[in-house]
Amino acid sequence: MPEEKQKVNTTVSFSGGPGRGPGGPMGRFAQGEKPVDAKRTLARLVHSFAPERGMVSLLFAVVAAGCVCSVAAPSFQSASIDLISQGRYGDLPRFLLLMLGTYLLHGGCNLLQNLTAARLSQRVVRRMRGELFQKVVNLPVKYLDNHPHGDIMSRMTNDVENLSNIISQSLSSLASGLLTIAGTVGMMFWYCWQLALLSCATVILSLVITRIISKVMRRLSRERLRLLGELNGLVEEKVAAYRTVTAYNRQSAAVREFEETSDRLCLTGSLANAIGGSMGPIMNCVGNIAFVIIAAFGGYFAINGMISVGVISAFIVYAKQFSRPVNELANLYAEIQTAIAGAERVYAVLDEPSEDKSGERTMDTAQGTVTFRNVDFSYYKGRQVLYGFDLEVRAGQKVALVGATGSGKTTVVNLLMRFYDIDSGEILIDGVNIRDIASGALRRSTAIVLQDTVLFSGTIRENLTYSNPDASEEDLDHAARMSACAGLIARLPQGYDTPLTEGGGNLSQGERQLLSICRAFLASPKILILDEATSSVDTRTEKNIQDAMVNLMKNRTSLIIAHRLSTIQDADLIVVMDQGRIVETGKHDELLAREGRYYDLYMTQFAGNQI
């Protein structure tokens with residue numbers, strides 16, 4: 001059922017893990033991308049350069065200077081050839097020096113151009129990646145539950161890196177190419193407009209070819225990025241679940257699934273590279289046609305005295321100079337299309353609405369009375385999970401939610417934490433609607449311990465103080481004693497400063513659970529939520545934790561989700577849920593005496609059967 005898949009959320013401050021979400025296994029949410037809105041995406045990319053106006057101005061100034069040099073050099077060459085053909089050697093050294101100085105200056109401009117473009121790309125990409133990460137950590141839980149984590153990571157890494165490459169390598173080339181084409185065409189018309197028109201006739205052919213290939217490249221670029229995100233999601237899922245894959249001997253099936261997606265990515269990438277790579281040779285062929293035109297008509301014009309030999313040599317250089325940026329732009333086209341598609345994927349995340357954290361009320365003076373009034377909720381339209389849910393948990397009361405898997409227990413917690421918004425009804429804390437309480441204030445006053453724990457890379461101290469960065473050493477020691485993990489920490493080689501591997505992999509599951517409970521203790525919450533929090537510890541440790549919780553729960557509202565009914569027999573109120581409705585409430589002995597749904601659950605467990 002959907003609500004059971006919400007047990008693990010990456011945004012939980014106290015513990016959690018990679019979300020699967022109500023939509024199905026991670027990596028299976030990939031949808032067909034919408035057509036690229038190239039104009040809108042390019043406009044947003046241009047806007048992202050606004051904070052770097054000075055560096056952009058420097059870059060284009062250097063590019064312009066280099067283009068002026070590249071356009072001026074052939075004219076000096078033409079003049080030198082004409083001087084030689086006319087036997088006027090006196091002015092020849094001056095033109096040769098001008099030509100040499102122009103080429104040296106052109107080389108210096110190219111070097112400065114590359115350095116400036118690289119610096120600009122790092123600045124823009126750093127800011128974009130920061131904006132994207134800030135958006136991701138502030139997205140609603142619903143979005144992260146319904147999108148594959150691997151695809152989100154792909155947008156932050158691959159797609160942003162494509163933008164970095166385009167800015168550092170292609171932006172200046174694009175500007176230089178356009179300016180060079182404009183300057184070259186201008187000089188060609190200045191020397192001989194007839195020959196220039198004949199030379200530029202090949203531009204029409206180039207535009208037609210580019211337009212045809214561009215349509216195919218846009219589609220292949222989007223598909224390649226989508227498949228790359230799907231492949232990343234698949235790898236992330238299988239690596240996270242490698243123990244399960246190995247335990248069920250599903251390595252071969254996992255490899256086949258990977259290879260199927262990888263083969264589709266390989267085919268799409270090969271087609272994109274082949275079509276994108278064909279642009280260069282095609283443009284070279286078109287450029288060679290221009291050389292033939294210049295050779296034939298240029299010779300004819302020279303014989304008839306319309307142009308000099310030096311002009312023909314200049315036209316040959318200009319024709320090559322004209323075709324070079326066209327070829328470069330053609331070769332860059334595949335990369336530019338990929339970058340535009342990647343930018344659109346990045347902007348798609350940035351355009352998602354952030355989590356609604358609004359609310360003017362705080363919980364500084366809250367007592368912790370929680371009230372659900374006629375709450376209806378659906379993860380998906382038409383698939384209701386809670387029906388008219390009514391429950392009051394008084395301040396300091398210990399209330400347990402029990403029921404079969406899929407009955408809606410964890411959904412109640414998700415709604416209380418404002419991970420999801422209810423369809424109708426209201427949820428109150430001390431009579432104040434939680435929509436009027438700032439989500440930050442609500443979650444600072446609430447500690448939650450989930451069944452599947454997550455520890456971060458870092459020391460034990462850093463993991464424990466994640467819920468309370470201002471905690472003192474005394475607070476740490478007290479929380480460790482209360483959570484029965486003081487002995488565990490004392491046995492570790494460096495105590496609180498013992499480093500943990502990713503996910504706390506160098507600890508047992510039970511030890512990770514103890515540290516997660518200690519982290520919740522350290523938060524000193526007004527409301528405590530335990531979602532089968534002791535399921536991963538042994539019976540003796542569980543008894544120690546239960547004893548410690550008696551003190552912890554004093555004057556605190558406690559909401560416990562439990563499958564093992566033996567752990568909640570001392571609860572002030574037991575709420576039995578079935579298919580999103582409350583079917584029974586009462587204390588342990590009262591519910592057993594009624595011999596209703598709770599009695600059936602209890603006797604089934606007592607008989608040793610699985611619910």
Side-chain angles (χ1 to χ4, degrees), residues 3-4 7 14-15 368-370 372 389-414 416-417 446-453 482-484 510 513-514 516-517 520-521 525 527-578 580-611:
E3 63 275 8
E4 294 305 319
K7 282 190 174 183
F14 307 100
S15 64
T369 297
V370 179
F372 292 81
F389 187 81
D390 287 301
L391 176 65
E392 182 176 6
V393 183
R394 295 191 298 273
Q397 194 175 26
K398 178 181 178 181
V399 175
L401 300 177
V402 301
T405 298
S407 59
K409 304 182 299 297
T410 301
T411 297
V412 173
V413 173
N414 284 339
L416 177 60
M417 295 291 292
T446 307
I448 180 170
V449 179
L450 302 179
Q451 179 177 357
D452 298 321
T453 63
M482 291 291 289
S483 60
Q513 188 69 285
L514 285 173
S516 178
I517 293 172
F521 283 176
I527 300 174
L528 180 66
I529 299 173
L530 304 173
D531 188 350
E532 198 64 30
T534 61
S535 62
S536 299
V537 297
D538 57 71
T539 305
R540 181 175 180 180
T541 302
E542 180 183 30
K543 180 63 170 60
N544 294 334
I545 293 176
Q546 293 292 335
D547 293 340
M549 284 182 179
V550 172
N551 295 326
L552 176 66
M553 293 180 184
K554 287 181 180 179
N555 301 320
R556 286 192 175 92
T557 304
S558 302
L559 195 61
I560 305 171
I561 298 174
H563 289 288
R564 293 160 61 179
L565 304 183
S566 60
T567 63
I568 46 92
Q569 295 181 11
D570 61 339
D572 298 320
L573 179 67
I574 298 175
V575 178
V576 184
M577 298 184 63
D578 185 29
R581 294 181 173 88
I582 297 177
V583 294
E584 283 184 319
T585 59
K587 292 191 175 183
H588 174 72
D589 294 335
E590 296 173 357
L591 293 174
L592 287 181
R594 295 177 192 171
E595 297 188 2
R597 179 59 178 159
Y598 182 80
Y599 175 85
D600 294 338
L601 291 172
Y602 184 82
M603 295 307 295
T604 302
Q605 285 194 10
F606 186 76
N609 296 328
Q610 182 179 2
I611 297 177

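Just so you know, residue 1 is the first one in the sequence shown, and it goes up from there.
- Taking 4.5 Å as the limit, every side-chain heavy atom of L559 sits out of range of all side-chain heavy atoms of V370.
- Remark: R394 engages E392, Q397 in a side-chain contact (heavy atoms from CB on, under 4.5 Å) (not counting sequence neighbours).
- Remark: Q569 pairs with S566, H588, Y602 by the side-chain contact (heavy atoms from CB on, under 4.5 Å) rule, at least two apart or across chains.
- In plain terms, the two heavy atoms of I517 and V449 that are nearest each other are CG1-CG1, 3.9 Å.
- The shortest side-chain heavy-atom distance between V399 and V575 falls under the 4.5 Å cut-off.
- Distance alone, capped at 3.5 Å, places no donor-acceptor pair between the K409 side chain and the M577 backbone.
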* Stepwise, does the side-chain contact (heavy atoms from CB on, under 4.5 Å) test hold for L416 with F372? -> CA-CA 9 Å; L416 177 60; F372 292 81; 4.2 Å; yes
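- For the atom pair OG1 (T585) and CG (L391), the distance works out to 8.5 Å, reported to the nearest 0.5 Å.
- One N or O on the side chain of D572 and one on the backbone of K398 form a donor-acceptor pair closer than 3.5 Å.
- Scanning both residues, I574 and Y598, for their nearest heavy atoms gives CD1-OH, 3.7 Å.
- With a 4.5 Å cut-off on side-chain heavy atoms, L401 and V412 count as touching.
- For the side-chain contact (heavy atoms from CB on, under 4.5 Å) test, residues two or more places apart in sequence or in another chain that qualify with D390 are R373, N374.
- For A447 against A520, the heavy-atom pair with the smallest separation is CB-O, 3.8 Å.
- Considering every non-hydrogen atom in both S407 and A404, the closest pair reads OG-O, 2.8 Å.
- Remark: A395 engages Q367, T369, T557 in a side-chain contact (heavy atoms from CB on, under 4.5 Å) (not counting sequence neighbours).
- The CD1 atom of I448 lies 11.5 Å from the CD1 atom of I527; values are rounded to the nearest 0.5 Å.
- Here the closest non-hydrogen pair linking V402 and A562 is CG1-O, 3.7 Å.
- In this structure, the side chains of Y599 and L591 stay at 4.5 Å or more apart for every pair of heavy atoms.
- Panel note: side chain E584, backbone R597; a donor-acceptor pair is recorded below 3.5 Å.
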